[in-house]
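Heads up: the structure comes next, in structure tokens.
All values below come from the heavy atoms of this structure, side chains included, with hydrogens, waters and symmetry mates left out. We name chains A, B, ... by the order of the sequence lines, and we start the count at 1 in each one.
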Amino acid sequence: MTAESHKSERYNARDAEPRWQKAWDERGIFATKNDDPRQKYYVLEMFPYPSGRIHMGHVRNYTMGDVVARYKRAMGFSVLHPMGWDAFGMPAENAAIDRKVHPKTWTYENIATMKAQLKSMGLSLDWAREIATCDPSYYKHQQKMFLDFLRAGLVAREYRKVNWDPVDQTVLANEQVIDGKGWRSGAPVEQRDLHQWVFKISDYAEELLTALDTLDRWPEKVRLMQKNWIGRSEGLLIRFMLDSATAPNNESELEIFTTRPDTLFGAKFMALSPDHPLATAAAAKNPKLAAFIEECHRMGTAQAEIDTAEKMGFDTGIKAVHPFDPNWKLPVYVANFILMDYGTGAIFGCPAHDQRDLDFVNKYGLGNTPVVCPPGQDPKTFVITDVAYDGDGSMINSRFLDGMTIAQAKEDVARRLEKETRGNRPVAQRQVNYRLRDWGISRQRYWGCPIPIIHCEKCGVVPVPDKDLPVTLPEDVTFDKPGNPLDRHPTWKNVKCPQCGGPARRETDTMDTFVDSSWYFARFTDPWIANAPTDRKQVDKWLPVDQYIGGIEHAILHLLYSRFFTRAMKKTGHAGLDEPFAGLFTQGMVVHETYRKKNGDWVMPADVKIEGAEGNRRATLIATGEPVEIGAIEKMSKSKRNTVDPDDIMESYGADVARWFMLSDSPPDRDVIWSEEGVQGASRFVQRLWRLVGEIADVKAPAARPAQFGDAALAVRKAAHRALHNVSEDIARLRFNRCVAHIYECANALGDAIGEIDTAVTPDMAWALREAGDILVRLFHPMMPHLAEECWAALGHKTLVASEAWPQVEPELLVENTITLPVQVNGKKRADVTVPRDAGKTDIEAAVLALDAVKRALDGKSPKKVIVVPQRIVNVVA
RNA sequence: GCGGACGUGGCGGAAUGGUAGACGCAAGGGACUUAAAAUCCCUUGGGAGAAAUCCCGUGAGGGUUCGAGUCCCUCCGUCCGCACCA
């Protein structure tokens, strides 16, 4: 077939994309009506932080969400697909410090830029629902909920450790601590206690844990990570007596939590957190201990830093008495690896069966006694040196516990100590403990949601009355000094107490930005309501989010906080459900090669020219021709400068090419490598589809559907319907890379069919091609919506493909009359056998044994058995 | 340190425990062209063979199974999160 006239023209994305974006806009087809009676579907991508410009990670995330939204719309759902801005945060303050621009100005300029970029991607978003968390019309409601949570007992104040920069006299985020030093001052950071507001997420620990089982559309790995984060453990709380001769002041006992009470006879020492009251008391009389505790505080608060720091201990001289033997005294140490937040902040150490305890005794020469003997080991010769044993076994060296299993020993110890009392209280009691800590939300920063609290000299902590909300951020602030500008603001900070009218001071801490993102999905259901955080009718209608899509880096904190927040909103009447996200998908990162000059400077991909074939690639700097070293493929980051600007890609190739490439190369939950070759491949395919559709448009279809289809026409129909079936299934499961492969296959089949037409097109083939063309365009519409509109119009349709229904598959086109089964002999493939679709096992067996290849492989032997797996495979076992 | 994942051709990857390498990229050969671009056709895991065909092959080693890329155990390597980055 010859292509002619307009069909030989290349598809021009730069012309087509804005045109179709305008058409969608004018007809308002992505605006969602809250009174739409159809079944709802809520698809949401994690909203962006307005950092400046969108990056490729955004392109990937929002493309995936858009595919789902467009597909569900075609399936007849009323789709909610909103977008907003996670607009509070530290980078705005850094910009204010570095560039003397107000955080608000900086943020809103970024929002404007990024919104324009998102619009050029052709996303089917309902922009009427746009929200920015830094807008008082949003955070006003957050303050209201804080107060409601406070009244409901979900908020508390606690002392919490922060990173303190002693030079800048300011609190640092973990991110601002580099190798234990402040990022601006370079001074070693210290831990400091601050009085902070916390949300009592730990009250929901058990519920957040058990409800994970109901989230069957969440990735297993995310549920597992949350489970481990919550960290439920069952154990025993034991009160050890202190040897009065050695104990400071009136301290008479030490309470510890243990999950291994069975190893009590292997105990060698006790260890206290440096913040434990007993440690504080002992330090008051012991300057060396006080110095040691101070030393422990000379590091950041990040868990990884604490865990990897060298294990250190200090013998307080205090002795604890073994609960089963008044004559057995254990030394009490202060140790830097014991956390005050977990359990009671004190432990007993059993080195033989805990690696950290073993490292500790080996360092301080306290020895170890194994009390659990592994199966098959001789208890007399079993010793522990460098590797602790934490497996199963039977109890040894443990007096009355000897011979028991670990479980029996745990039970026996618990039962004995529960019965024993001291001062009317049992010596031990069983307890369930969680690793999960309450959520500290206080931040000593300006650019965040003000905490609506007033501190009065007389009345103490006084909530801001609801009628006075919002507490808005003052805009006349400067960033010329370190620290929180709210803290030194002359008028905003000083207020009258709402209760007594006396002098008072505003809470100058603002909320963690995770609070902002813990309920935005609920606000999207009705972002207009002014007198309440949510309209219950709309929240109840739209929530839960049916499909939530975002990065795996949010697997724990953001998702756990949102799950808690939704429960807290339920308790305070702002929502009616427990779980906000019914379906979750975590997408992989966008990664790229890195390039470095001889002097070690990183170079951007856009400035590099690559030559040579795979395995022999060379890179040079375009500007100077200087050679550049090609480095590892890494996450796109500003520091390595291996970023590609989505604007550049959309400018040269169009949004559809960027979208298509994002979906095509890698499974969506894995990293995708951005490459120039890949983009060009996507671009070629766009042109190929355009040519193919042009050729189909040239075919004159008969007015009526033919009664009969010849083999070639039937093959075309089968290819289209098979693609339709496969793409539908894979979109629903978010396997976009497979959708892409199916669309390639379909396009290849249609192209081949057209290529084989030598003279005139028969009416049945013409009809089949037109049908296949209509199906194909609707299939790739969710991925490449602009191209799809252009093709849809070229096929003569007057409607928008974005408003078209998803095509219907004809099931009889999916089944074949004969099937070809692979035949194995002893697990190795030797032949194929083609049998009727409904052939019985005996018929298949007979056909297989008659095959020459099978006879040869059997070499005259008779088969022991023949395994026929219907529709799958035949295996002959000799 | 703790927790979670991943590992398949030259590359990205495909494969309800059932034909390993779909689909794409890159490469090689050819057609078209004065030439290039674009496009189209063919080949492409390794080895043996003229061919039919056979042998090897999914990070390494072991195991379960008629059958393992897939399940189990041990090891190696890479990546992500760790509570004040968002």
| task | Determine, using ring centers only, whether F337(A) and F360(A) are less than 6.0 Å apart. | result | yes
| F661(A)/Y653(A) aromatic ring centres below 6.0 Å | no
Between [options], spot the one nearest the side chain of [X], thanks.
X: E677(A); options: C84(B), G4(B), A26(B); answer: A26(B)
X: P91(A); options: A86(B), C66(B), G1(B); answer: A86(B)
X: N174(A); options: G7(B), C85(B), G24(B); answer: C85(B)
X: A173(A); options: C85(B), A83(B), G4(B); answer: C85(B)
X: K221(A); options: G4(B), G18(B), C82(B); answer: G4(B)
X: D86(A); options: C85(B), A86(B), G18(B); answer: A86(B)
X: W229(A); options: C82(B), G81(B), C85(B); answer: C82(B)

Which part of the nucleic acid, if any, lies within contact of [X], taking any heavy atom under 4.0 Å across all strands shown: a base, the sugar-phosphate backbone alone, or nothing?
X: Q444(A); result: base
X: N737(A); result: sugar-phosphate
X: A309(A); result: nothing
X: Q871(A); result: nothing
X: R435(A); result: base
X: P667(A); result: sugar-phosphate
X: G440(A); result: sugar-phosphate
X: G89(A); result: sugar-phosphate
X: R684(A); result: sugar-phosphate
X: S666(A); result: sugar-phosphate
X: K829(A); result: base
X: V171(A); result: base
X: E745(A); result: sugar-phosphate
X: K828(A); result: sugar-phosphate

| task | Give the minimum heavy-atom separation between G182(A) and L172(A), together with the two atoms involved. | result | CA-CD1, 3.5 Å
Integer-rounded Å distance: [N] [atom2] and [X] [atom1]:
X: D730(A); N: G13(B); atom1: CG; atom2: C1'; answer: 14 Å
X: L692(A); N: U39(B); atom1: CG; atom2: P; answer: 14 Å
X: K311(A); N: C2(B); atom1: NZ; atom2: C1'; answer: 10 Å
X: D392(A); N: C73(B); atom1: CG; atom2: P; answer: 15 Å

For [N], does either OP1 or OP2 sit under 4.0 Å from a side-chain N or O belonging to [X]?
X: R437(A); N: A83(B); value: no
X: R735(A); N: C23(B); value: no
X: R830(A); N: C54(B); value: yes
X: N228(A); N: G4(B); value: yes
X: N748(A); N: G24(B); value: yes

[atom1]-based separation of [M] from [N] [nearest Å]:
N: G46(B); M: G7(B); atom1: P; value: 23 Å
N: U19(B); M: U58(B); atom1: P; value: 16 Å
N: A27(B); M: G69(B); atom1: C1'; value: 26 Å
N: C71(B); M: U16(B); atom1: P; value: 12 Å

Could you identify the nucleotide paired to [N], looking across every strand shown and requiring Watson-Crick or G-U wobble geometry with both distances under 3.5 Å?
N: C6(B); answer: G77(B)
N: G1(B); answer: C82(B)
N: C40(B); answer: G30(B)
N: C11(B); answer: G24(B)
N: G57(B); answer: none

| query | According to the interplanar angle, ranging from 0 to 90°, do the rings of Y548(A) and H558(A) count as parallel (below 30°), tilted (30 to 60°) or perpendicular (above 60°)? | reply | tilted
| Taking the six-membered ring for Trp, are Y139(A) and F88(A) parallel (under 30°), tilted (30 to 60°) or perpendicular (over 60°)? | tilted
| query | Between A304(A) and Q680(A), who's closer to the 5' end of RNA chain B by nearest nucleotide? | reply | Q680(A)
| message | Please compare I867(A) and M90(A) by the position of their nearest nucleotide in RNA chain B and report the one closer to 5'. | response | I867(A)
| task | Can you measure from CG (D832(A)) to CD1 (I873(A)) and round to the nearest 0.5 angstrom? | result | 10.0 Å
| said: Distance check, rounded to the nearest 0.5 Å: R53(A) atom CZ versus T643(A) atom OG1? | reply: 10.0 Å
| query | Could a donor-acceptor pair under 3.5 angstrom be found where the side chain of R160(A) meets the base of C84(B)? | reply | no
| said: Looking at R437(A) and D341(A), is any side-chain nitrogen of the basic one under 4.0 Å from a carboxylate oxygen of the acidic one? | reply: yes
| query | Among F199(A), Y204(A), W439(A), W519(A), which one satisfies ring pair (Phe, Tyr, Trp, His ring centres under 6.0 Å) with Y561(A)? | reply | W439(A)
